[in-house]
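Only one structure is covered here, and it is reproduced in the block below.
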Amino acid sequence: MRRQRPTLIAVSTLIAVTLTTAAPAPANAAPPDQVTALTAHQADGYTTLAWQPVDGATDYQIERTPVDADNTPTGAPTIVGIWRPNRQINQQAPTFADAGYNPGDTFQWRVRARTGTTEQPYSDPVTATTTAPWGNPTTPGEQLRTGWETTHAAQYTSDTDEYAYTAAIDALSNRVRVVELGRTVQNRPINMMVIGHPTPATTPEAVAATAPVAINCNVHGNEPGDREACLIMARQLAFSTDPRITDLLSHTTVLIVPTINGDGRANNTRGNSTGQDLNRDYSLIRQPETTAYIKMVRDYRPVAGYDGHEFGNSRAGDLPMLPPRHQNVAQPIFDQSQDMIEGHMYAKGAEAGWWACPYGCEGGGNVGLSEETILRNTLGLKNVTNSLLELRSSGGQTRPDEGNTANNRRRKTYSALWTFHQFLDYHRADRADILKARSEAIESQAANTGRLVFRGSRPIPAHPAPHPGDSPPPLDAPPADLILDNPPCAYKLTDAQYNGARTDGPGGVGTTVAQRIAAHGWKVITIGDDHYVPLNQPERGLIPLLLDGKGVEKLTDGERIYPTLTGRRNGPLAVTGFTCADDATINGPVTVRAGAALVTTATTISGPLTATGAAGILLADSTVNGPVRIAATDTISIIDATIAGPVDLSGNTTGTDAPVLAGTTIRGPLNCTGNNPTPHNLGIANTVHGPRTTQCAAL
Ligand SMILES: [Zn+2]
């Protein structure tokens, strides 16, 4: 490393040299190339070593020696870490997170610089006792331990251990409720811990109102390091009296899914019991495991997420991360995810000594691409700020003493634990920005503007050197034949396409397209035997990937339906059939006939809009200069609209799919009565100038 030295420091060095010449050096003065000011800060499962940088150092070696209570070595000193400049964004304050020891043991550390391959003198030693596993061993709840902890990382927590552990937390903590999201192919429960303070909200809809965060801990069964971190963190969240924890849990709900792939974990396989890689199935949801997770996302509406993995590239950093990159992901979600990773994790990693970097990170190969089947991208397309987390599998060159399996596992798990806690801190600090990004993303998606890309990623620019990104993931630009410049208004599916039997699930049996669309939570308008999926919806970027003929991994070939109503039109309009208006100006009253549907984007209606017994009304990015009355209609969505009012939604029975009224300004009263289910706002408040009645009082 060749540091840029600020002028001020150069001057003070000159003064120091002058003083040294004037007076004899004290006997204990450090040689100029010796590391000084070494400190060791203890945290859960790791120790942050920090020191003053040595000018001209190429790298640093971190030595650890086990000692007893009298500071007498009980083992050989070992080089356990190599600090390289690309570990962190600030070079002036080097740190290294030493992990991979038995938490609670006592060690002595020393650090030395190397200039080229020349080893400089070691620092003075620092001795400290590391932090024991979290929780007082005699306090109920806190005393719980996972199978992984009790075996000192010799064994991973088994499936039955996990169920017993999570059930015990559930029983002993008012903050935790364990819910079963579904069952694996082999009938293992897929549990989720719902954690809030003082108690978690009672229904998915009530949890959604708390802007929850979700951690998916173990999708690849042979990558279990994150799962152990999740189980430990759940205990901390459930029982800690630390004001930080209670504050976090008072401002959100933490959703932890320890093991979506219980069958794969039990058999230590990447895929589920059918061999399906579940992280290539979150859009198609052919498998019960992915279906359970996607329904959870639909019902609990997490605003931010992490997805835990391990990564075999030994040259990678400790913690490769990556945002949703698919080009159909709304820009605010990509930007917010990048802020979480590069703005928060890189900075906090440099403080704690963990090396976060982009997935790939030093020659990682063809990874981190745009498949919408990957949870990272699926969540992005669902307007969730999120990141992948990869734990580097092996010690690699910068952790040369991980031949001990248990120590290797501890480093991975405790680095994941650090990441997940940072994730919660980021959400707490940046909640308003995360919610703003989500609102903007939902509104921009529902506006259905701009090209659609069937495969292709946003670039991940290299972070300024020397911090990582020596080789961020490949560019992955969309090929021309996978770009659709003119987006349709909707896809039309035949009844055979929509309700027909499928064979793409386990055992050759698949759920129908109708069931999968329902699991995603998309609105569908049914007219006769035709089923229309409009694109003026929050997941506009995902819909074509499953329903367009160009979709690389699609469910079916829907027919593209383009707008029929554009430009200016004067006089009353009676809508029949499926009518799509885009960039239209309609001067006159609009009546949607029974059994008909109106879908609008960028459209202005000057006059009343009335629908009784309609098949569907979906308005987005549109204006109604008049009253709106929607009754006995099957499908309703109003997003980012401006309506003079009054607005009346009455007697609409929409099955399991609640009417949406979100991000809309109403300059008059809003009346909602007799709707089943009750309308909701997707977490985007409406502005209503007049009074609101019961069902819409909280919207
Ligand atoms: Zn993985």
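In each ligand, atom 1 is the first atom listed, and ligand 1 is the first ligand listed.
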Quick one: CE on M321 to CZ on R376, what's the gap to the nearest 0.5 Å?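 Reported value, rounded in 0.5 Å steps: 13.5 Å.
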
In [X], what N, O or S atom is nearest to the Zn ion (ligand 1), if we give its atom name?
X	answer
H309	ND1
H220	ND1
E223	OE1

Under 2.8 Å: N/O/S of E390 next to the Zn ion (ligand 1):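 It does not: E390 brings no N, O or S atom closer than 2.8 Å to the Zn ion (ligand 1).
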
Tell me every residue that passes side chain to side chain donor-acceptor pair (under 3.5 Å) with Y165, counting only those two or more places apart in sequence or in another chain.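 Scan of Y165 (side chain to side chain donor-acceptor pair (under 3.5 Å), adjacent residues dropped) gives R235.
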
Scan for side chain to side chain donor-acceptor pair (under 3.5 Å) pairs involving residues 324-337, sequence neighbours excluded, and state none if there are none.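 Qualifying pairs: Q327-R451, Q331-D335, Q331-R458, Q336-Y426.
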
Going by atom types alone, do S415 and D318 pair a side-chain donor with an acceptor below 3.5 Å?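 No.
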
